[in-house]
Amino acid sequence: MSWSGIKSYAERIIPVIRAQDPDAVVLVGTRAWPSFGVSEGSNESEVVNNPVRASNIMYTFHFYAASHREEYLRTLDRASDRLPVFVTEFGTQNYSGEGANDFSMSQRYLDLMKRKKISWTNWNYSDDHRSGAVFKTGTCSGSNWTGTGVLKEAGVWIRDRIRQ
């Protein structure tokens with residue numbers, strides 16, 4: 001979907017949200033799998049130069065450290081200089097949530113987000129087959145949720161970052 005389509009929809013739906021809760025922060029997606037368009041060869045300028053006309057909003061950004069390298073990191077850095085950003089999805093592995101974890105690149109993102117006070121949430125908090133799922137398969141149907149023994153490698157790493 002184009003940025004103009006996303007912006008138009010946001011400007012129509014935000015008043016509906018505000019009618020229910022005038023103080024709610026509204027998260028507005030960005031183009032190309034919330035990447036400010038980077039996943040389709042663009043950058044944050046289309047949003048920076050034509051932002052949603054509303055207050056108390058944040059723009060979303062997603063990354064997967066093993067797939068989304070320097071260009072994505074630089075885009076997040078530049079965009080967050082001009083716009084309020086919330087990283088609503090990220091993983092330590094590739095864009096499908098699978099493969100080897102890239103904790104080094106993930107840490108570079110987390111360092112940037114800490115420095116710039118960007119809130120984040122990791123994906124995915126489940127016990128599915130992907131290496132990016134934080135729980136070992138079978139955990140969610142059980143009753144043991146304590147300790148690191150129920151966590152996959154990505155889960156242990158994310159847990160440590162949350163606790164910091």
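For the numbers below, each heavy atom of this structure counts, side chains included, while hydrogens, waters and symmetry mates do not. A quick note: this is a predicted structure, and the numbers were derived from the prediction, not measured.
The salt bridge (Lys or Arg N to Asp or Glu O under 4.0 Å) analysis of residues 54-65, with sequence neighbours excluded, yields no pairs. Listed by first and then second residue, the salt bridge (Lys or Arg N to Asp or Glu O under 4.0 Å) pairs involving residues 57-70 are Arg69-Asp102, Glu70-Arg108 (not counting sequence neighbours). Within the structure, salt bridge (Lys or Arg N to Asp or Glu O under 4.0 Å) pairs that include any residue of residues 27-40 comprise Arg31-Glu40, Arg31-Glu46 (at least two apart or interchain). Applying the side-chain hydrogen bond (donor to acceptor under 3.5 Å, both in side chains) rule to pairs touching residues 134-145 yields Asn144-Thr146, sequence neighbours excluded. Pairs of residues two or more places apart, or lying in two chains, that qualify as salt bridge (Lys or Arg N to Asp or Glu O under 4.0 Å) and include a residue from residues 71-91 are Glu44-Arg78, Asp77-Lys116, Asp81-Lys116.
With sequence neighbours excluded, the residues forming a side-chain contact (heavy atoms from CB on, under 4.5 Å) with Ser4 are Ser2, listed by chain and number. For Gln20, there are no side-chain hydrogen bond (donor to acceptor under 3.5 Å, both in side chains) partners, not counting sequence neighbours. For Ala100, the side-chain contact (heavy atoms from CB on, under 4.5 Å) test picks out no residue, with sequence neighbours left out. Residues satisfying the side-chain contact (heavy atoms from CB on, under 4.5 Å) criterion with Ser119, sequence neighbours excluded, are Phe86. By the side-chain hydrogen bond (donor to acceptor under 3.5 Å, both in side chains) test, Arg115 is found to be paired with no residue, residues two or more places apart in sequence or in another chain being considered.
Contact of the Lys7 side chain with the Arg53 side chain is registered, since non-hydrogen atoms from C-beta on lie closer than 4.5 Å. At a threshold of 4.5 Å between non-hydrogen side-chain atoms, the residues Lys114 and Leu110 do not count as touching. At least one side-chain heavy atom of Val28 sits under 4.5 Å from a side-chain heavy atom of Ile6. Counting heavy atoms from C-beta outward, Pro51 and Tyr59 have side chains that approach closer than 4.5 Å.
Taken together through direct or relayed side-chain contacts under 4.5 Å among Ile, Leu, Val, Met, Phe, Trp and Tyr, Trp3 and Trp33 form parts of separate hydrophobic clusters. A chain of hydrophobic side-chain contacts below 4.5 Å, direct or via other Ile, Leu, Val, Met, Phe, Trp or Tyr residues, connects Trp120 to Ile57. Note on Phe103 and Tyr125: same hydrophobic cluster, where clusters join Ile, Leu, Val, Met, Phe, Trp and Tyr whose side-chain heavy atoms are under 4.5 Å apart, directly or indirectly. Follow the hydrophobic side-chain contacts under 4.5 Å out from Ile14 and you reach Met1 in the same cluster. Phe90 and Met58 are assigned to two separate hydrophobic clusters, defined by single-linkage of ILVMFWY side chains at heavy-atom distances under 4.5 Å.
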**OP:** Apply the test side chain to side chain contact (heavy atoms under 4.5 Å, CB included) to residues Leu83 and Val47: give CA-CA distance (whole Å), side-chain angles for both, the deciding distance (0.1 Å), then the verdict.
**Re:** CA-CA 9 Å; Leu83 302 164; Val47 180; 3.6 Å; yes

**OP:** Quick one: do Ser45 and Phe36 satisfy side chain to side chain contact (heavy atoms under 4.5 Å, CB included)? Show the steps, please.
**Re:** CA-CA 8 Å; Ser45 64; Phe36 287 104; over 6 Å; no

Subject >> side chain to side chain contact (heavy atoms under 4.5 Å, CB included) evaluation trace for Met105 with Leu73 >> reply: CA-CA 9 Å; Met105 188 65 176; Leu73 186 64; 4.2 Å; yes

Original post:
Step by step, would you call Ile118 with Leu76 a side chain to side chain contact (heavy atoms under 4.5 Å, CB included)?
Top reply: CA-CA 10 Å; Ile118 299 170; Leu76 176 59; 4.0 Å; yes

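Checked against a 6.0 Å centroid threshold, the rings of Phe63 and Tyr72 do not count as neighbours.
Between Ser106 atom OG and Asn122 atom CG the span is 8.5 Å, to the nearest 0.5 Å. Atom OG of Ser131 and atom CD of Gln93 lie 4.5 Å apart (nearest 0.5 Å).
Using a 4.5 Å cut-off between side-chain heavy atoms of Ile, Leu, Val, Met, Phe, Trp and Tyr, Trp123 falls into a hydrophobic cluster with Tyr64, Tyr95.
The 12-atom threshold is not exceeded at OH of Tyr9, counting heavy atoms of other residues, nucleotides or ligands nearer than 6.0 Å.
Between the side chain of Asn94 and the backbone N or O of Ser67, no donor-acceptor pair lies under 3.5 Å. With hydrogens and angles disregarded, no donor-acceptor distance shorter than 3.5 Å links the side chain of Asn124 to the backbone of Val134. Using modelled atom types, no side-chain atom of Ser39 and backbone atom of Ser35 make a donor-acceptor pair closer than 3.5 Å. Proximity of a side-chain donor or acceptor of Asp127 to a complementary backbone N or O of Gly138 within less than 3.5 Å is detected. Using a distance-only test at 3.5 Å, with no hydrogens or angles considered, no donor-acceptor pair links the side chain of Ser126 to the main chain of Ala133.
Closest approach of Leu27 and Thr88 over heavy atoms only: CD1-CG2, 3.8 Å. Residues Gly37 and Ala32 share a closest heavy-atom pair of CA-CB, 3.9 Å.
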Please tabulate, for the side chains in residues 148-160, all donor-acceptor contacts under 3.5 angstrom to protein atoms that are two or more places apart in sequence or on a different chain.
unit_1	atom_1	unit_2	atom_2	d
Lys152	NZ	Asp128	O	2.6
Lys152	NZ	Arg130	O	2.7
Glu153	OE1	Asn101	ND2	3.3

